[in-house]
Peer 1: 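Below: one structure in structure tokens.
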Amino acid sequence: MLEGLDPEQREVATTLRGPVCVLAGAGTGKTRAITHRIAYGVRAGVLQPSSVLAVTFTNRAAGEMRGRLRQLGAQGVQARTFHSAALRQLQYFWPKAVGGSLPRLVDRKIQLVADAAAACRIRLDRGELRDATAEIEWSKVTQTVPADYPAAAAVAGRDAPRDPAEIAQLYAAYEDLKRQRAVIDFEDVLLLTVAVLQDRRDIAEQVRAQYQHFVVDEYQDVSPLQQRLLELWLGDRDDLCVVGDASQTIYSFTGATPDHLLDFRTRHPGATVVKLVRDYRSTPQVVHLANGLLAQARGRAADHRLELISQRAPGPEPAYCEYTDEPAEAEGAAHRIRELLDAGVPAAEVAVLFRTNAQSETYEQALADAGIPYQLRGAERFFDRPEVRKAIVSLRGSARFSGNDTFLDDADDLPSQVRAVLSGEGWTPKPPAGSGAVRERWESLAALVHLAQDFAAARPGVTLADLVAELDERANAQHAPTVQGVTLASLHSAKGLEWDVVFLVGVAEGMMPITYAKTDEQIEEERRLLYVGVTRARERLHVSWALSRSPGGRPNRRPSRFLDGLRPGSGGVAGRGWPAAQGGVERGVTSRAAGVSAVPRRTQRTPARCRVCGRGLTDAGEMKLMRCEDCPSDMDEGLYERLRDWRAIQAGRNGQPAYCVFTDKTLIAIAEAVPEEAAELTRIPGVGMRKFHRYGADVLAICAGQDPAGEAE
């Protein structure tokens, strides 16, 4: 039972009595240690299987724990989430404690919150409704009653979606409505179990007679309510083993706090403390970066950080890539992933991790364009999001009846029309304060506004109907295959998972840390979130950021402050230990350090100027041509016509509009530049790396007066 355990894991497995605190870093085998501990205790006769309750936070983690225990011969041990364990007890004891059957458990409370808001005459849109629901959930897990909500929210620094007094009123009405309808919600399961165990000593003693030994995984994520329930389960006993890592606390917005983990030795002075720092997941290069991130951290959790020691053979250094814009960053990631898949890396062993769900659409498109299967985890596909579907319906209706819409008549271009329509759906020029559902909804709508701007820049004179057709095509083209593929996930939803290759994208100021992280505590949680992302990688790690949002935009972004002193060329002492041969930051779509072949690189854009008169350019169409519209053109008319004919053939083969191959402006720019080499072609705006790899050979052949490869036969 103890074979294969390292000395620290063995200490965990053999320490079967008294309070035990296991501080386990990422990838150190904590699940292995605690399951072997339970199984060893059962095999040694110290623990009775039916007397052990192991609790964790997700059904997936509980299922994995049960599976491992069965394999180790420890059948009969209960491994559950806090909620499922409490619900079983509540269902069993309710007739005795209260009488009758347990009230019906509602799956989703949002409709109840909506009804409570209507009763209070408080009008909430869908985003505010979700955020108000989140505030009620936070209040309940922190054991805050409605009357105390305003003060508690202020102390906790909560960014309430409405006036705190209104939220308190809504919270009280919600509780009244539940009582009237004889229903309970998810948090009530814990609250009522706590109430029963507090009020009925006989029932508490019966539970304690059943469960005599407790194991709590992910202890840094417990809420005050879960901690209270655990204390009632324990009574005056101390047969408790907790496992956690304060450096992986990333859910404080839900009420989770690492204080219970960090205070464990204070509450249990005689506790055995074991530190697991041998990292079996990641290479020394990945672990070095993870340790460097925490070395710069501040605060209480940082004071208890664990210095990981990789147990794996060396691997490639993390690759750092800077891109001119977000589409280029997505194309770069897709290109690297394609090379990895072609080299034999399974798609299921690759992940792209981002800070917010709104970032997914760009990567969905880039992967779909590259023919790479993918799956979204913990987030809705962009075009499946309710706010996006509703916005497209509104855009379609406005396109159909635009002649009757006076507010559209006043808008002289497509982006203005889109902003006018989406303002009715909740879009505003400035993002809402704080995070949560309202912010996510705004980001989805803002993505549509940006898409309209890019679409109009690429095709001057397009209409709202053209945009709706484009959105429909994009939605169809980005339908994810049903097979296993590359994982797209937010950093929060990636917790507890791991892959051979991880792409951390959008690691720039404003996104990491996120703009609404203002306090020192919020900034440090953002750092921990990046740490979680880094430690998801087993072998290869790619970190990237973009200097601007869209092609031609001002390059005013900078890499995340969290990378200062860690990435090559960023200075500081935190990056000590980097091999001298690593060099600087790669500015392009590939990195030799990543073990992939070299291709033409995107270079950082300088302010665009007309190549004829030298005037600064701001119009997207002029920037594609690299000249003013009214400056003389030296375009090769014959080459332009050959390119147009070739484009029509390609569009027919692909079953898509011609502009999806190249826009007219891009063809004009090619016919004016007449590129002879790949590097010259890729410098032309509108020829991204994805299109270069797909069409570059044909275009260069046409420019050289030759037949493209597909027609030479």
Side-chain angles (χ1 to χ4, degrees), residues 127 130 250 323 325-338 347-348 350-392 427 431 435-452 454 470-495 497 499 501-508 510-512 514-515 526 529-530 532-533 536 542-546 549-550 688 690:
R130 284 174 54 192
I250 60 173
Y323 295 89
D325 49 67
E326 290 180 3
E329 185 179 10
E331 288 177 7
H335 171 78
R336 289 169 177 256
I337 292 170
R338 170 48 63 195
V350 181
V352 179
L353 306 182
F354 35 75
R355 175 62 180 83
T356 67
N357 289 333
Q359 294 170 268
S360 70
E361 191 270 341
T362 303
Y363 291 89
E364 292 176 48
Q365 178 176 342
L367 293 179
D369 287 346
I372 297 172
Y374 66 90
Q375 58 176 338
L376 277 170
R377 182 180 183 90
E380 296 171 297
R381 287 175 50 84
F382 180 80
F383 287 103
D384 287 343
R385 295 171 191 165
E387 63 269 21
V388 173
R389 294 201 305 269
K390 190 168 183 290
I392 292 175
W427 178 83
S435 57
V438 169
R439 178 69 181 228
E440 290 179 6
R441 182 171 183 266
W442 182 90
E443 288 171 339
S444 295
L445 297 177
L448 290 175
V449 172
H450 295 323
L451 192 152
D454 296 341
E470 169 75 0
L471 291 172
D472 290 340
E473 288 181 9
R474 284 175 175 252
N476 291 331
Q478 294 173 34
H479 181 70
T482 56
V483 298
Q484 285 284 317
V486 172
T487 299
L488 293 176
S490 70
L491 287 165
H492 281 102
S493 64
K495 178 74 165 60
L497 304 174
W499 297 269
V501 186
V502 168
F503 288 78
L504 288 176
V505 299
V507 188
M511 194 60 72
M512 181 59 67
I514 199 78
T515 51
E526 292 288 300
L529 189 58
L530 182 58
V532 167
R536 299 311 95 194
H542 301 258
V543 183
S544 64
W545 58 91
R549 183 194 62 79
S550 56
R690 173 178 57 81

Peer 1: At what distance, to the nearest 0.5 angstrom, does OG1 of Thr487 lie from CH2 of Trp499?
Peer 2: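 Between Thr487 OG1 and Trp499 CH2, I get 5.5 Å after rounding to 0.5 Å.
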
Peer 1: Atom CD of Glu470 and atom CG of Asp472: how far apart are they, to the nearest 0.5 Å?
Peer 2: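 Between Glu470 CD and Asp472 CG, I get 9.5 Å after rounding to 0.5 Å.
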
Peer 1: Report the distance from atom NE2 of His450 to atom CZ of Arg549, rounding to the nearest 0.5 Å.
Peer 2: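 His450 atom NE2 to Arg549 atom CZ measures 4.0 Å (nearest 0.5 Å).
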
Peer 1: With rounding to the nearest 0.5 Å, note down the distance linking CZ in Arg355 to CG in Leu504.
Peer 2: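 Going from CZ on Arg355 over to CG on Leu504, the span is 13.0 Å.
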
Peer 1: Apply the test side-chain contact (heavy atoms from CB on, under 4.5 Å) to residues Gln365 and Glu361: give CA-CA distance (whole Å), side-chain angles for both, the deciding distance (0.1 Å), then the verdict.
Peer 2: CA-CA 6 Å; Gln365 178 176 342; Glu361 191 270 341; 3.6 Å; yes

Peer 1: Before giving the answer on side-chain hydrogen bond (donor to acceptor under 3.5 Å, both in side chains), spell out for Thr362 and Glu326 the whole-Å C-alpha distance, their side-chain angles and the decisive distance to 0.1 Å.
Peer 2: CA-CA 8 Å; Thr362 303; Glu326 290 180 3; 4.9 Å; no

Peer 1: Before you tell me yes or no, could you show the steps for Leu448 and Leu471 under side-chain contact (heavy atoms from CB on, under 4.5 Å), namely the whole-Å CA-CA distance, both residues' side-chain angles and the distance that decides it to 0.1 Å?
Peer 2: CA-CA 9 Å; Leu448 290 175; Leu471 291 172; 4.0 Å; yes

Peer 1: Strictly distance-based, threshold 3.5 Å: is any side-chain N or O of Glu387 a donor or acceptor partner for the main-chain N or O of Leu445?
Peer 2: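 No, Glu387 side chain to Leu445 backbone: no donor-acceptor pair under 3.5 Å.
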
Peer 1: Between Ala328 and Asp325, which heavy-atom pair has the shortest distance, and what is it?
Peer 2: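 Ala328 and Asp325 have their closest heavy atoms at N-OD1, 2.8 Å.
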
Peer 1: First locate atom CD1 of Ile250, then atom CG of Leu530, and finally report the distance between them rounded to the nearest 0.5 Å.
Peer 2: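 Spacing of CD1 (Ile250) from CG (Leu530) equals 11.0 Å.
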
Peer 1: Any non-hydrogen side-chain atom of Leu529 less than 4.5 Å from a side-chain atom of Ile514?
Peer 2: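 Answer no - side chains too far apart.
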
Peer 1: What distance separates Ser493 OG from Phe354 CZ, expressed to the nearest 0.5 Å?
Peer 2: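 Output value for this atom pair is 7.0 Å.
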
Peer 1: Go through Met512 and Leu491 one step at a time and tell me if the side-chain contact (heavy atoms from CB on, under 4.5 Å) criterion holds.
Peer 2: CA-CA 11 Å; Met512 181 59 67; Leu491 287 165; 3.3 Å; yes

Peer 1: Take Val505 and Ser544 through the test side-chain contact (heavy atoms from CB on, under 4.5 Å) and record every step on the way to the result.
Peer 2: CA-CA 5 Å; Val505 299; Ser544 64; 3.7 Å; yes

Peer 1: Taking all non-hydrogen atoms of both residues into account, name the closest pair between Tyr323 and Gly332 and its distance.
Peer 2: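 Heavy-atom minimum between the residues: OH-CA, 3.7 Å.
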
Peer 1: Indicate the atoms forming the closest heavy-atom contact of Ala330 with Tyr363, along with that distance.
Peer 2: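 So the minimum-distance heavy-atom pair works out to CA-CE2, 3.4 Å.
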
Peer 1: Nearest heavy-atom pair of Gly506 and Glu329: which atoms, and what distance?
Peer 2: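 Closest approach of Gly506 to Glu329, heavy atoms only: N-OE2, 2.9 Å.
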
Peer 1: Identify the two heavy atoms, one from Leu353 and one from Ala494, that lie closest to each other, and give their separation to 0.1 Å.
Peer 2: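 Shortest heavy-atom contact: CD2-CB, 3.9 Å.
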
Peer 1: Look at the side chain of Arg536 and the backbone N and O of Val502, then say whether any donor-acceptor pair between them is shorter than 3.5 Å.
Peer 2: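 No, the answer is negative, given that no donor and acceptor are paired below the 3.5 Å cut-off.
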
Peer 1: Minimum heavy-atom separation for Glu526 to Met511, with atom names?
Peer 2: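 The answer is OE1-O, 4.1 Å.
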
